[in-house]
Visitor: 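This structure is in structure tokens; I'll ask about it shortly.
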Amino acid sequence: MVNVSPISLVAIVVGLSCFALGGRLLKSAAAARRVARPDDPEFVLDPTREDPPDDDLDGDDLERGFMLLVFGALALLFAAISL
């Protein structure tokens, strides 16, 4: 039977949560860049559609997503060491 310490269990949960949130942030940042493109097929096929909004896409989501992935990897490394 495998004995898992509470610290390693918490580190595993935190690491997997960071991976999930980081992946979601990176995915939503990529989707926002695709929507803001003026040459998307829906815009070309529907000439009556208004211009896409001129929202400034900052790199905050990209940086947060990357840092969450790094933190998740460190948490899982800590969990592996503490087993």
Side-chain angles (χ1 to χ4, degrees):
M1 194 167 182
V2 177
N3 292 331
V4 179
S5 69
I7 292 176
S8 60
L9 184 62
V10 169
I12 290 171
V13 169
V14 167
L16 293 177
S17 300
C18 286
F19 273 127
L21 292 174
R24 179 181 288 173
L25 280 174
L26 291 176
K27 191 165 118 179
S28 60
R33 281 193 298 276
R34 279 195 306 270
V35 167
R37 285 187 6 200
D39 61 339
D40 67 353
E42 284 186 25
F43 183 74
V44 174
L45 293 177
D46 186 12
T48 62
R49 187 177 130 186
E50 295 180 11
D51 290 337
D54 292 334
D55 293 337
D56 292 333
L57 296 174
D58 53 358
D60 287 345
D61 284 344
L62 185 65
E63 291 173 11
R64 285 186 193 131
F66 179 73
M67 289 310 297
L68 278 170
L69 291 178
V70 169
F71 184 67
L74 290 174
L76 289 177
L77 178 67
F78 178 73
I81 290 171
S82 68
L83 279 176

Visitor: Under a single-linkage definition using a 4.5 Å side-chain heavy-atom cutoff for Ile, Leu, Val, Met, Phe, Trp and Tyr, are Leu69 and Leu16 assigned to the same hydrophobic cluster?
Guide: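 As far as the 4.5 Å side-chain criterion goes, Leu16 and Leu69 are connected within one cluster.
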
Visitor: Working to the nearest 0.5 Å, report the span between CD1 of Ile12 and CG of Leu83.
Guide: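 The distance works out to 5.5 Å.
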
Visitor: Tell me whether the count of non-hydrogen atoms from other residues, nucleotides or ligands lying under 6.0 Å of CZ in Phe71 goes above 12.
Guide: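 Atom CZ in Phe71 is not packed in, count stays at 12 or less.
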
Visitor: Out of curiosity, Ile81 CD1 to Leu76 CG, how far, rounded to the nearest 0.5 Å?
Guide: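 Going from the CD1 atom of Ile81 to the CG atom of Leu76 covers 11.5 Å.
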
Visitor: Do side-chain atoms of Ser8 reach the backbone of Val4 as a donor and acceptor pair under 3.5 angstrom?
Guide: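 Absent.
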
Visitor: Quick one: closest heavy-atom pair of Phe19 and Ala73, and the distance?
Guide: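 Phe19 and Ala73 have their closest heavy atoms at CZ-N, 3.8 Å.
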
Visitor: Which atom names give the shortest non-hydrogen contact between Phe66 and Leu26, and what distance separates them?
Guide: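 It is N-CD2, 4.2 Å.
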
